[in-house]
Amino acid sequence: MWVKKGVVTEKAPVINASDFETYKIDLSRIQNLNFKERSALSRSLLVRHLDLGSSNAEEAELLALSNPIYDITRFGIDFTASPRHADVLTVSGPVTRHLKVAMERTYAAMPYPKIVVALGDGACNGSIYKNTYACLGRVDQFLPVDVYIPGDPPTPEEIIKGLLLCKIILVKK
Amino acid sequence: MKTLIKNDVELFFESLKGAFKGHLLELKIISPNHLHLVIEKDYLTIILEYISGHTELKSSLVTMTVTDERHLNGNFKLYTVFSFFLPSDTNVLVTFEIALGKENPTYPALSQRLPSADWYEREIHDLFGIIPQGIELDPLVLHRDWPRGKHFPMRRDFLLDKQIPISEVSHEFSQPHGDGMYQIAVGPIHAGIIEPGHLRFCVIGEEIYKFDAQLFYTHKGIEKMAEGKSIEDVLNLAEHICGMCAYAHSNAFCLAIETLGNIEVPKRSIFIRTICLELERISSHMADLMAITSSGGFGFGASHASRLREMIMRLIHNLTGHRFLRGLNTIGGLKKNISDDLFQILFTELEKFKNQFQEWEKLILNTDSLLDRLESTGFISLKMADSLGLVGPSARGSGIDKDVRRDFPYLAYKDYAFKVPVYEDGDALTRTQVRIDEVYNSLKLIKKLVEDLPSGDIVSVVPKQFPAYEHRLGIVESAKGELVHSIMLDTESKIFRFHVRSASYMNWRGMAQATMGEDNLKNIVPDGPLVNKSFNLCYACVDR
């Protein structure tokens with residue numbers, strides 16, 4: 001029976017130094033980053049996700065991270081129910097008018113150091129969504145963003161890499 | 001056989017004309033089964049009497065759209081589309097067009113007697129400032145802090161990038177108060193990874209007495225963004241309305257444009273599009289089934305369902321290069337060809353998937369603890385589901401035999417028959433069973449389509465110029481149900497009006513009703529998430 005097949009989980013993605021250039025656009029907030037400090041990766045990381053008006057593709061990929069194939073909890077990364085327990089705030093989608101207040105309150109409720117990850121093209125640069133009466137634009141106009149994970153939506157592998165980078169940033173911050 | 005069908009449709013036209021007597025201004029035949037009637041504004045409600053007098057026609061409201069044509073003919077125009085099922089298995093769409101005038105546009109509301117029109121009319125009031133007379137007009141799309149009666153964002157004279165400052169007014173729910181009654185507020189930011197929406201349970205003890213929701217948090221104004229853009233740009237935008245139904249949106253838009261321009265899609269593209277639509281359906285249903293088993297407290301089943309879903313996602317990625325099927329379609333066909341070898345891989349991989357899915361199905365349908373949670377939870381009766389206009393698996397779980405793929409066939413569904421699963425109990429279990437059956441049907445259909453896959457061109461010639469200011473529909477069955485795109489182009493073949501009515505838009509009110517339950521089949525608070533997941537609606541589709 002296939003249920004007893006064994007481990008289906010795949011290997012962790014390898015992080016190269018070049019990944020910092022892909023994901024980290026704003027380096028000014030982190031000084032003296034030493035990539036070789038692998039001990040940072042052994043720490044746990046709690047993530048609060050915030051949908052600010054994405055198409056739900058980013059959410060579907062985040063849900064996929066919990067399946068047995070990616071199994072994100074083996075890295076010590078987990079999703080929390082409250083921003084008060086979160087090290088990282090991942091946001092997706094361009095900021096909508098109706099969610100601006102909720103976004104500000106969630107950010108204010110987080111403990112320091114607040115790490116913000118822009119997930120997907122909508123959050124990183126506004127994607128194809130133009131500014132309208134209800135759509136206010138990309139996320140870094142409202143919150144300081146530390147890591148950008150571009151993609152339409154980013155694949156689960158890319159999201160795992162981005163979150164592992166957050167662990168290194170967390171130590172340095 | 002053909003003459004009989006024609007007579008049937010003709011008879012129906014005659015009786016419809018008779019109902020409107022002298023108030024019918026114009027009659028156009030768009031296609032053999034799509035009528036377009038222009039009628040006088042104050043007589044739209046005649047259609048309601050016609051429907052209640054002809055219940056055997058099983059008519060239902062398909063969509064309601066307003067266009068701002070003041071620069072053309074000095075009018076706002078309302079397009080209301082109904083579907084009718086004629087006795088000889090012919091199905092007809094009828095569009096009713098009324099002109100509403102320029103200043104203070106009003107018309108007699110439909111939702112007094114047609115509950116499924118409620119959300120449409122509130123949306124029309126919010127975005128266009130048109131007043132359907134005779135109903136209460138609570139804000140729907142724009143939240144309470146939007147200044148009432150001053151700014152109407154979908155009118156053409158409201159500039160694209162104009163923004164209104166946000167004020168501190170919050171939404172007030174009209175909830176009952178009394179001894180032992182309390183309220184549970186949930187959202188807009190939820191505990192899990194789901195989309196934003198504010199839910200309000202009014203509870204006595206543990207039993208849910210009333211349920212209400214404030215949605216449209218992710219409203220981006222996609223319909224406003226689309227105005228003035230080229231057709232290809234809006235196709236891209238349509239794919240980004242929702243991730244779970246991305247390919248269904250893409251196809252609905254292409255279908256609308258292709259009907260407008262009389263474009264014939266090459267045979268190979270038709271087959272590939274259909275295969276991909278079915279793959280998206282399986283992927284979406286697996287996500288739903290995962291959510292149901294996980295909300296039902298059966299983590300083992302949920303874990304394996306999510307593994308099976310990842311299998312399908314990877315097959316889609318392997319086949320098309322994108323996990324959500326974006327960027328595959330173009331008007332008149334496909335952007336790129338997919339080689340036959342990839343379909344052979346798909347064929348063998350789906351066999352493996354089917355074997356594992358069978359075992360999974362056996363597992364969950366034999367787990368008493370899960371069945372106990374699903375049975376009689378979130379009950380919605382046939383009568384209620386019909387009056388709220390439910391669509392898709394949620395409707396089929398309540399005994400409504402409705403499926404666009406069979407009733408208004410498009411693409412390869414015209415030539416391939418399949419069984420539509422219908423269950424009558426109307427609870428979370430039947431909605432789960434409908435999804436399981438549909439996964440099997442989709443697998444069967446994909447198998448047949450891959451076997452018969454023709455070779456040849458993938459894209460046909462697309463005209464540069466399309467007819468201007470013609471209202472056209474693209475209706476497809478997305479995984480969540482009937483999805484309707486209405487489009488209208490201007491003289492330069494740019495988008496003039498783009499309106500999306502998703503399946504979740506119709507099912508949301510059904511979900512709210514099912515949460516409240518009926519008669520003695522009430523739900524308790526822990527059932528809330530399970531009822532929600534048994535419908536598993538997209539917020540992004542609703543909010544746009």
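None of these values were measured; they are calculated from a predicted model. What's counted below: heavy atoms across the whole structure, side chains too, no hydrogens, waters or symmetry copies.
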**OP:** Measure distances from A/Leu99 to the heavy atoms of chain B and classify the residue's part below 4.5 Å as side chain, backbone, both or neither.
**Re:** both
Subject >> Considering all heavy atoms, the nearest A/Arg48-B/Ala191 contact >> reply: NH1-O, 3.3 Å
Original post:
side-chain contact (heavy atoms from CB on, under 4.5 Å) between B/Glu239 and A/Ile128: does it pass, once the steps are laid out?
Top reply: CA-CA 11 Å; B/Glu239 285 177 353; A/Ile128 52 167; over 6 Å; no
Original post:
Just by modelled atom types, is the B/Tyr217 backbone N or O under 3.5 Å from a matching donor or acceptor in the A/Thr96 side chain?
Top reply: yes
**OP:** Apply the test side-chain contact (heavy atoms from CB on, under 4.5 Å) to residues B/Arg326 and A/Ser55: give CA-CA distance (whole Å), side-chain angles for both, the deciding distance (0.1 Å), then the verdict.
**Re:** CA-CA 12 Å; B/Arg326 282 174 180 160; A/Ser55 70; 2.9 Å; yes
Original post:
If we ignore angles and hydrogens, is there a donor and acceptor under 3.5 Å between the side chains of B/His240 and A/Asp152?
Top reply: yes
Original post:
Taking B/Phe324, B/Phe216, B/Trp146, B/Phe158 one by one, which has the highest count of heavy-atom pairs under 4.5 Å against chain A?
Top reply: B/Phe324
Original post:
So what's closer than 4.5 Å to chain A heavy atoms on B/Leu215: side chain, backbone, both or neither?
Top reply: neither
Subject >> Contacting moiety of A/Ser82, where chain B heavy atoms sit under 4.5 Å >> reply: neither
Original post:
If you tally heavy-atom pairs under 4.5 Å against chain A, which of B/Gly221, B/Gly192, B/Pro196 wins?
Top reply: B/Pro196
Subject >> Heavy-atom check, side chain of A/Pro156 versus side chain of B/Met313, under 4.5 Å >> reply: no
Subject >> Pairwise distance CZ(B/Arg307) to CG(A/Asp71) - rounded to 0.5 angstrom >> reply: 13.0 Å
Original post:
At what distance, to the nearest 0.5 angstrom, does CD of B/Glu310 lie from CG of A/Leu65?
Top reply: 9.0 Å
Original post:
Pick from B/Cys541, B/Ser306, B/Ala302, B/Gly327: which one has the most heavy-atom pairs with chain A under 4.5 Å?
Top reply: B/Ser306
Subject >> Contact check, side chains of A/Ile69 and B/Arg314, non-hydrogen atoms, under 4.5 Å >> reply: yes
Original post:
What part of A/Thr80 lies closer than 4.5 angstrom to a heavy atom of chain B: side chain, backbone, both or neither?
Top reply: backbone
Subject >> Segment of B/Arg544 engaging chain A (4.5 angstrom heavy-atom cut-off) >> reply: neither
Subject >> Part of B/Lys220 within contact of chain A (heavy atom distance under 4.5 Å) >> reply: both
**OP:** With rounding to the nearest 0.5 Å, note down the distance linking OG in A/Ser92 to CD1 in B/Ile193.
**Re:** 10.0 Å
Original post:
Do the rings of A/His98 and B/His143 sit parallel, tilted or perpendicular, given the 30° and 60° boundaries?
Top reply: parallel
**OP:** Could you tell me whether the side chain of B/His151 reaches within less than 4.5 Å of the side chain of A/Tyr133, counting heavy atoms only?
**Re:** no
Original post:
Do you know which of B/Asp543, B/Ile166, B/Ile222, B/Ile241 has the most heavy-atom pairs under 4.5 Å to chain A?
Top reply: B/Ile166
Original post:
Looking at side-chain heavy atoms only, is the closest gap between A/Arg97 and B/Asp145 below 4.5 Å?
Top reply: yes
**OP:** Please check if the side chain of A/Asn56 supplies one atom and the backbone of B/Cys538 the other of a donor-acceptor pair under 3.5 Å.
**Re:** no
**OP:** Starting at NE2 of B/His322, measure out to OG1 of A/Thr155 and round the result to the nearest 0.5 Å.
**Re:** 10.0 Å
Original post:
Can you tell which of A/Glu59, A/Lys130, A/His49 has the highest number of heavy-atom pairs within less than 4.5 Å of chain B?
Top reply: A/Lys130
Original post:
At a heavy-atom separation under 4.5 Å, does B/Lys352 approach chain A through its side chain, its backbone, both, or neither?
Top reply: neither
Original post:
Could you give the distance from OG1 (A/Thr132) to NZ (B/Lys162), rounded to the nearest 0.5 Å?
Top reply: 13.5 Å
Original post:
Looking at side-chain heavy atoms only, is the closest gap between B/His190 and A/Asp51 below 4.5 Å?
Top reply: no
Original post:
Do A/Arg105 and B/Ile189 come close enough that some side-chain heavy atom pair is under 4.5 Å?
Top reply: no
Original post:
Checking heavy atoms, do the side chain of B/Asn236, its backbone, both or neither come under 4.5 Å from chain A?
Top reply: both
